[in-house]
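The first residue of the sequence shown is numbered 1, and numbering continues consecutively from there.
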Amino acid sequence: MSGYEAHPPRLVPVLSRGKHRSPRKGACFMELASYLAGERWSDHPACTRPLLAAVARDVNDYTSDAGRARLAELIPSVIGLAGDDLHLDARIALRCARMALPVVAAERQRVMAMSVLVCERVLAGLDGRPAGWLEEQSRAALARVPHAAQWARGFIRDIPISPEVFRRRSAPATVHAAAEGIAQACVPQPDDMLRDLLTGAIGDCAAGAGPDAGQPATRDSVTWAAARELTSAAVAD
């Protein structure tokens with residue numbers, strides 16, 4: 001066991017926006033995750049599925065400086081939540097779109113309504129559901145913005161949606177637009193909504209990955225405790 005694994009470093013990188021060349025320059029959420037996972041310093045580490053990492057980066061960047069420290073305690077939870085299950089990507093993107101839809105500015109509601117319908121169409125294809133069938137939460141969210149919903153239905157009616165394009169472009173765009181929209185929305189506590197967005201996405205991945213998700217086999221219990229201690233120190237500071 002290395003010294004790092006037995007004892008967390010004294011220098012705790014400060015969470016801040018954007019990418020950083022090293023821990024001494026600060027860290028975003030996923031850079032600190034790569035550090036705790038023992039990977040090369042990166043905001044795109046292999047320890048976390050790409051779309052969940054995208055949610056974490058966007059939430060990190062759109063959360064206020066005052067509220068960002070509260071995200072640190074969530075960092076160990078994304079380590080080990082990897083994989084490429086398209087169903088989970090669709091679930092994450094759908095969660096983001098449904099949460100953002102009722103609160104974003106009017107000009108963004110069409111995009112979010114379209115994202116809800118696209119995610120539902122992808123899930124319908126994966127689950128063998130009838131075309132046009134919507135989950136109750138999606139129907140409720142769209143009912144709150146009837147004009148945007150009507151526009152979105154007409155816009156995507158004849159547009160094919162391939163799984164590859166959804167994974168590579170549509171899902172990341174949905175996540176980014178949702179986080180940006182929530183951050184700029186006229187709501188009392190956007191930081192709380194952004195944190196809820198991330199915790200919900202983590203929960204979706206953990207539920208889909210099984211009971212051992214979030215504690216990768218390559219990290220022993222002492223290392224995991226050290227990671228928890230380090231991120232707790234980041235919150236306290």
**Student:** Say whether, by atom type as modelled, one donor and one acceptor occur between the side chain of Asn60 and the main chain of Ser16 under 3.5 angstrom.
**Tutor:** yes
**Student:** Flag the pair Cys96 / Val55 as yes when at least one side-chain heavy-atom distance between them is below 4.5 Å, and no otherwise.
**Tutor:** yes
**Student:** For the backbone of His87 and the side chain of Asp85, can you confirm whether one donor and one acceptor N or O come within less than 3.5 Å of each other?
**Tutor:** yes
**Student:** Evaluate whether atom CZ of Arg169 has more than 12 neighbouring non-hydrogen atoms of other residues, nucleotides or ligands under 6.0 angstrom away.
**Tutor:** no
**Student:** In the structure I gave you, are the side-chain heavy atoms of Cys28 and Arg17 within less than 4.5 Å of one another anywhere?
**Tutor:** no
**Student:** Just checking, is any N or O donor in the side chain of Asp191 or Ser64 under 3.5 Å from an acceptor N or O on the other one?
**Tutor:** yes
**Student:** Can you hop from Phe166 to Leu126 via hydrophobic side chains spaced under 4.5 Å?
**Tutor:** yes
**Student:** Looking at Arg98, is its backbone amide N or carbonyl O close enough to the side chain of Gln137 to form a donor-acceptor pair, meaning the two atoms are under 3.5 Å apart?
**Tutor:** no
**Student:** Testing Asp89, Leu51, Leu52 for side chain to side chain contact (heavy atoms under 4.5 Å, CB included) with Val175, which one passes?
**Tutor:** Leu51
**Student:** Grab the two heavy atoms, one from Thr174 and one from Ser115, that are nearest each other, plus how far apart they are.
**Tutor:** OG1-OG, 3.1 Å
**Student:** Using a strict threshold of under 4.0 Å (side-chain N to carboxylate O), is an ion pair present between Arg129 and Glu120?
**Tutor:** yes
**Student:** Side chains of Phe29 and Asp61, heavy atoms from C-beta outward: is any pair under 4.5 Å?
**Tutor:** no
**Student:** Quick check: closest heavy atoms across Arg95 and Ala201, and the distance to 0.1 Å?
**Tutor:** CD-N, 3.7 Å
**Student:** Given 3.5 Å as the limit, does a donor-acceptor pair link the side chain of Ser34 with the main chain of Glu31, or not?
**Tutor:** yes
**Student:** For the backbone of Tyr62 and the side chain of Glu180, can you confirm whether one donor and one acceptor N or O come within less than 3.5 Å of each other?
**Tutor:** no
**Student:** What about Val145 and Phe155, same hydrophobic cluster or not, with Ile/Leu/Val/Met/Phe/Trp/Tyr joined at side-chain heavy-atom distances under 4.5 Å?
**Tutor:** yes
**Student:** Can you tell me if Arg70 uses its side chain to pair, donor with acceptor, with the backbone of Arg195 under 3.5 Å?
**Tutor:** no
**Student:** For the pair Glu135 and Arg91, evaluate salt bridge (Lys or Arg N to Asp or Glu O under 4.0 Å) and give the outcome as yes or no after the intermediate values.
**Tutor:** CA-CA 12 Å; Glu135 294 180 355; Arg91 280 281 161 210; 2.3 Å; yes
**Student:** Does Leu197 belong to the same Ile/Leu/Val/Met/Phe/Trp/Tyr cluster as Val187, with side-chain heavy atoms less than 4.5 Å apart forming each link?
**Tutor:** yes
**Student:** If only atom types and distance count, is the side chain of Thr48 paired as donor or acceptor with the main-chain N or O of Val78 below 3.5 Å?
**Tutor:** yes
**Student:** Test your reading of the model: is there a side-chain donor-acceptor pair from Arg144 to the backbone of Pro102, 3.5 Å cut-off?
**Tutor:** no
**Student:** So, do Leu81 and Arg49 sit near enough that their side-chain heavy atoms are less than 4.5 Å apart?
**Tutor:** no
**Student:** Are any side-chain N or O atoms of Arg110 and backbone N or O atoms of Ala148, one a donor and one an acceptor, separated by less than 3.5 Å?
**Tutor:** no
**Student:** Can you hop from Ile159 to Trp133 via hydrophobic side chains spaced under 4.5 Å?
**Tutor:** no
**Student:** So, the side chain of Ser138 versus the backbone of Leu134: is there a donor-acceptor pair under 3.5 Å, distance only?
**Tutor:** no
